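A short write-up of the structure that comes next.
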Amino acid sequence: MLILSRKLGESVTIGNDILVKVVAVSGNQVRLGIEAPREIRVLREEIFNAMQEENRAAAAAPDTNRRLGDALKRLLPNVPDKNDEPK
Amino acid sequence: MLLSDCSQTFPTKTMNQSSEPVTAPGAAAAAIALVEKEILIPEGLLGFPDDQRFKFTRFDPGDGGETPFFLLISMDSEISFALVHPDSLCAGYRVPVIPELLARLEAASEAELLPLLIVTVRDRVEDTTVNLQGPLMINPVSRRAVQLVVEDYPLRYPLLKSLAGEL
């Protein structure tokens with residue numbers, strides 16, 4: 001990880017198109033201003049990580065079909081019960 | 001079945017309240033038109049940057065019935081995702097759409113886009129949730145998609161309650 005020190009009001013540039021500026025400092029909280037092309041996604045890291053984790057939890061091996069089928073049978077009790085078919 | 005209002009269940013501060021919900025009347029038809037087609041997700045999904053080509057199919061519950069679910073099956077690895085349209089869960093799901101997103105998806109307007117949500121099936125099926133925070137925005141014509149992050153909505157929305165209309 002590249003470590004740089006900045007004072008309030010100073011900035012770093014990333015590549016040609018991204019700027020990160022220290023806009024305010026209050027106690028242990030730092031307010032950052034970010035200029036970047038709009039198509040570049042800027043997220044708090046915990047949001048990014050949580051989304052990755054959620055995608056990973058959702059990404060299923062071939063038994064997704066069976067598990068979702070089981071879920072539906074529990075949630076919609078009127079669905080007739082049949083033998084599971086292989087995917 | 002009375003669906004809860006997405007925007008009342010999850011009040012949003014940042015969205016333009018006068019914008020129309022993304023779900024256009026032809027949404028169901030747009031999803032069905034994609035069945036058995038290939039979709040390209042140029043940046044992949046968060047956590048799966050190398051999975052870019054997917055086959056889009058209906059979910060088959062195995063009893064000949066119809067469900068509101070679809071499957072996205074990776075052609076680059078062994079993974080697959082179950083998808084559901086937000087209209088099946090709540091009314092008025094809105095996603096901020098910027099011009100750069102439209103350009104990336106080769107769409108002319110928001111109305112052309114199809115939002116689909118990823119379902120996380122869990123070991124306890126009652127705990128199954130839907131990711132309203134990371135919708136897949138699909139252009140059914142170009143068959144390109146991007147996963148957005150919309151922080152106003154929850155990452156894990158209980159599927160059970162929404163289908164029963166309790167939320």
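Labels below follow one simple rule: chain letters A, B, ... track the order of the sequence lines, proteins then strands, and each chain is numbered from 1. Everything numeric here is computed off the predicted structure, so don't read it as measured data. Heavy atoms only: backbone and side chains are in, while hydrogens, waters and symmetry mates are out.
- For chain A, no part of B:Leu72 is nearby; none of its heavy atoms comes within less than 4.5 Å.
- Neither the backbone nor the side chain of B:Ser74 comes within less than 4.5 Å of any heavy atom in chain A.
- Within a 6.0 Å radius of CD in A:Glu10, other residues, nucleotides and ligands contribute more than 12 heavy atoms.
- Open room surrounds CD on A:Gln29; 12 or fewer heavy atoms of other groups in view lie less than 6.0 Å from it.
- Hydrophobic clustering (side-chain heavy atoms under 4.5 Å, transitive across Ile, Leu, Val, Met, Phe, Trp, Tyr) keeps B:Met75 apart from B:Ile73.
- Nearest heavy-atom pair across B:Phe48 and A:Ala59 is CZ-CB, 3.5 Å.
- Placement of B:Leu148 and B:Val130 within a single hydrophobic cluster is found when ILVMFWY residues are connected by side-chain heavy-atom separations under 4.5 Å, directly or transitively.
- Only the side chain of B:Glu151 has a heavy atom closer than 4.5 Å to any heavy atom of chain A.
- Criterion: ILVMFWY side-chain heavy atoms under 4.5 Å apart, direct or through other members. Under it, A:Val30 and A:Val42 are part of a common hydrophobic cluster.
- The CG atom of B:Leu155 sits 9.0 Å away from the CD atom of A:Glu53 when rounded to the nearest 0.5 Å.
- Your options are A:Gln52, A:Glu54, A:Arg44, A:Glu39, and the one with the most heavy-atom pairs under 4.5 Å with chain B is A:Glu54.
- A:Arg38 touches chain B through backbone and side chain together, each having a heavy atom under 4.5 Å away.
- Follow the hydrophobic side-chain contacts under 4.5 Å out from A:Val12 and you never reach A:Ile3; the two are in separate clusters.
- Considering every non-hydrogen atom in both A:Arg41 and B:Gln147, the closest pair reads NH1-O, 2.8 Å.
- At a 4.5 Å heavy-atom cutoff, the contact between B:Arg122 and chain A is made by backbone and side-chain atoms alike.
- To the nearest 0.5 Å, atom CD1 of residue B:Ile118 and atom CE of residue A:Met51 are 8.5 Å apart.
- By number of non-hydrogen pairs under 4.5 angstrom with chain A, the leading residue of B:Val149, B:Val146, B:Val119 is B:Val149.
- To the nearest 0.5 Å, atom CG of residue B:Leu46 and atom CD1 of residue A:Ile47 are 11.5 Å apart.
- Residue-environment remark: CD (A:Glu46) exceeds the threshold of 12 foreign heavy atoms within 6.0 Å.
- Under a hydrophobic clustering in which Ile, Leu, Val, Met, Phe, Trp and Tyr are joined whenever their side-chain heavy atoms come within less than 4.5 Å, directly or via other members, A:Leu32 and A:Val25 fall into the same cluster.
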